[in-house]
Number of protein chains: 2
Amino acid sequence: MPARREQLNRDRVLAAAVALADAEGVDAVSMRGLAQRLGVVPMALYKHVANKDELLDGMIDAVVGEIEPPVSEVDWRTTVRRRILSARTVLLRHPWARRAMESKTTPTPIVLAYMDSTIGMFLAGGLSVDLVHHVMHALGSRVFGFTQELYETTPAAEVPPEVARFMAAQFPNIVAVATSRPHDPGSVVGPGCDDQFEFEFTLDLFLDGVERLHRNDWHS
Amino acid sequence: MPARREQLNRDRVLAAAVALADAEGVDAVSMRGLAQRLGVVPMALYKHVANKDELLDGMIDAVVGEIEPPVSEVDWRTTVRRRILSARTVLLRHPWARRAMESKTTPTPIVLAYMDSTIGMFLAGGLSVDLVHHVMHALGSRVFGFTQELYETTPAAEVPPEVARFMAAQFPNIVAVATSRPHDPGSVVGPGCDDQFEFEFTLDLFLDGVERLHRNDWHS
DNA sequence: ACCTGAACACCGTTCAAGT
DNA sequence: ACCTGAACACCGTTCAAGT
């Protein structure tokens with residue numbers, strides 16, 4: 001019997017799942033939909049992943065694997081900052097990964113290895129174990145390059161005028177703050193918020209605080 | 001014909017949905033499951049909520065409505081701190097609400113009003129509109145009293161010894177940091193992390209940073 | 001006009017039948 | 001022994017039929 005053009009295996013299944021999620025969103029990645037994309041019957045996937053949950057784990061591992069390995073020979077702050085910004089660029093390539101990670105409750109070995117390596121950066125910088133404990137809690141999902149912005153900020157230009165009037169009357173503070181254009185009025189990002197700026201602003205605010213605690217020999 | 005013991009209306013539907021989510025988790029709140037709980041046919045719910053999405057919005061509004069109104073006559077930092085800690089106690093009463101809010105992409109008027117009021121606290125304290133813009137981005141979901149802790153921290157006591165040995169070998173940094181007990185070795189919270197302590201630690205680290213920027217007349 | 005049962009188009013997964 | 005089609009137990013929602 002003629003062999004299939006390319007034999008199905010776990011990596012092919014995961015790569016196809018990531019590609020499908022990139023192209024059509026994570027909702028398109030159903031066992032049935034993915035099977036169709038691969039030209040196989042749905043049940044064929046269960047030979048390579050135990051269930052849907054393990055499929056998602058594998059997809060997340062693939063994304064985390066794209067994050068750059070740590071650079072050495074620089075101070076802890078620079079090392080951590082680079083790693084987190086690298087994670088961010090990876091997550092921007094796979095927008096579905098944020099929600100996928102949020103939906104999981106236990107980490108895979110690959111995710112644990114990533115976190116272990118990040119913790120190592122702080123410890124190598126001389127921060128106390130207790131301080132790093134709090135720092136990791138405070139970092140939260142930011143280690144993976146994303147923050148929890150609950151709602152998309154719609155560019156002001158796209159809001160119909162009658163809605164804008166209603167908003168200004170009902171929520172004057174939101175409108176005042178949302179229409180402020182702090183960093184660059186004619187910036188390349190155009191209308192709306194410069195998410196990259198906001199991400200780095202918060203990251204630096206956070207790293208400032210940690211550095212200050214560390215310099216003051218903070219413990220317990 | 002005999003009237004039902006209690007006439008069904010929107011508030012009864014929402015209250016039952018919140019109670020069901022509190023008791024059995026948000027997954028138990030399906031249109032079918034909720035209808036059964038109320039002793040009505042599934043389609044009867046569609047008279048009071050347009051669809052599942054609007055049901056979730058109503059449940060979230062009910063939760064946000066439980067957050068204490070702002071106290072006045074104190075400085076902005078105290079006002080904001082109290083509000084956020086109040087939001088946190090509400091969210092702890094309704095553990096499902098965090099994920100429910102994460103799943104939404106557009107805020108309801110009640111959520112907008114809450115955010116407007118929070119922004120007003122910063123502005124009333126004299127912070128510049130530009131600074132408050134960044135601060136709201138940096139706060140993210142923390143305004144609602146939760147942070148994005150991706151994975152639950154399992155109490156060390158519950159980890160089987162062979163798993164503990166494996167972890168120590170594979171992820172020494174995680175183990176070192178996870179087994180540190182920074183704030184109180186014999187605390188009331190017992191094994192695991194004191195989430196309340198970590199939440200306040202991060203919140204105060206954040207407020208420290210904001211206060212410093214504000215005192216330095218930070219703008220743009 | 002109002003209410004609702006059956007149906008539709010999905011989903012992840014089980015399992016027995018076919019090769 | 002391996003593969004897979006049909007089936008199961010769900011889901012949100014549509015819609016036509018019944019009162």
Side-chain angles (χ1 to χ4, degrees), chain A residues 1-14 16-21 23-61 96-97 99-106 108, chain B residues 1-14 16-21 23-61 96-97 99-106 108:
Chain A
M1 63 210 70
R4 186 171 291 288
R5 246 199 327 154
E6 231 176 318
Q7 180 77 20
L8 202 62
N9 59 42
R10 193 168 199 276
D11 283 343
R12 276 233 314 151
V13 168
L14 295 181
V18 168
L20 181 56
E24 298 179 33
V26 76
D27 286 342
V29 184
S30 64
M31 299 302 272
R32 289 160 141 95
L34 178 59
Q36 196 187 351
R37 178 95 161 197
L38 283 162
V40 299
V41 83
M43 285 315 298
L45 299 176
Y46 285 82
K47 284 272 112 77
H48 305 100
V49 289
N51 49 36
K52 175 89 187 266
D53 217 53
E54 197 185 290
L55 175 68
L56 272 178
D57 272 336
M59 293 168 68
I60 291 167
D61 283 350
W96 50 270
R99 298 225 154 187
M101 295 188 74
E102 285 171 0
S103 76
K104 309 293 302 182
T105 55
T106 46
T108 63
Chain B
M1 62 208 73
R4 186 173 290 289
R5 244 196 332 149
E6 230 177 320
Q7 180 77 21
L8 202 62
N9 57 43
R10 192 167 200 277
D11 283 342
R12 277 232 314 149
V13 169
L14 294 181
V18 168
L20 182 55
E24 297 179 35
V26 76
D27 285 344
V29 184
S30 63
M31 298 301 273
R32 289 158 142 94
L34 178 58
Q36 196 188 349
R37 179 95 161 197
L38 283 162
V40 300
V41 83
M43 285 314 298
L45 299 176
Y46 284 83
K47 284 273 114 73
H48 305 100
V49 288
N51 48 37
K52 175 90 187 267
D53 217 55
E54 197 186 290
L55 175 70
L56 272 178
D57 272 336
M59 293 168 68
I60 290 167
D61 282 351
W96 50 270
R99 298 223 154 188
M101 294 188 74
E102 285 171 1
S103 76
K104 308 294 302 183
T105 55
T106 47
T108 63

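Below, read A as the first sequence line, B as the second, and so on, with proteins coming before strands; counting in each chain starts at 1.
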Please tabulate, one pair per line, each protein N/O and nucleotide N/O from nucleotides 16-19 of chain D that are separated by under 3.5 Å, including the distance.
none

CG of A:Leu38 to CG of A:Leu20, rounded to nearest 0.5 Å, is 8.5 Å
Check the side chains of B:Asp61 and B:Thr108 for a donor-acceptor pair under 3.5 angstrom, ignoring hydrogens and angles.
yes
Rounded to the nearest 0.5 Å, the CD1 atom of B:Ile60 sits from the NZ atom of B:Lys104 at a distance of 5.5 Å
A:His48 side chain vs A:Val13 backbone, donor-acceptor pair below 3.5 Å
no
If you round to the nearest 0.5 Å, how far is CG of B:Asn51 from CE of B:Met31?
7.0 Å
A:Leu45 CG to A:Lys52 NZ distance, which is reported to the nearest 0.5 Å:
11.0 Å
Return the value, rounded to whole Å, for the distance between atom NE2 of A:His48 and atom C1' of D:dC2.
13 Å
For atom CD of B:Gln36, is the number of surrounding heavy atoms from other residues, nucleotides or ligands below 6.0 Å larger than 12?
no
Does B:Lys47 form a side chain to side chain contact (heavy atoms under 4.5 Å, CB included) with B:Leu8? I'd like the steps, not just the answer.
CA-CA 10 Å; B:Lys47 284 273 114 73; B:Leu8 202 62; over 6 Å; no
How far does CZ of B:Arg10 sit from CG of B:Leu55, to the nearest 0.5 angstrom?
8.5 Å
Quick one: does B:Arg99's side chain have a donor or acceptor within less than 3.5 Å of a partner on A:Glu102's backbone?
yes
Grab the N/O contacts between the protein and nucleotides 4-12 of chain C below 3.5 Å, and write none if there aren't any.
unit_1 : atom_1 : unit_2  : atom_2 : d
C:dC11 : OP1    : A:Ser30 : OG     : 3.1
C:dC11 : N4     : A:Arg32 : NH2    : 3.3
C:dG12 : OP1    : A:Met31 : N      : 3.3
C:dG12 : OP1    : A:Lys52 : NZ     : 3.1
C:dG12 : OP2    : A:Met31 : N      : 3.1
C:dG12 : N7     : A:Arg32 : NH1    : 2.2
C:dG12 : O6     : A:Arg32 : NH1    : 3.3
C:dG12 : O6     : A:Arg32 : NH2    : 3.2

For DNA chain D, just give me the dot-bracket, please: Watson-Crick or G-U, both distances below 3.5 Å, ( ) intra-strand, [ ] crossing earlier pairs, | paired with another strand, . unpaired.
||.|||||...|||||.||
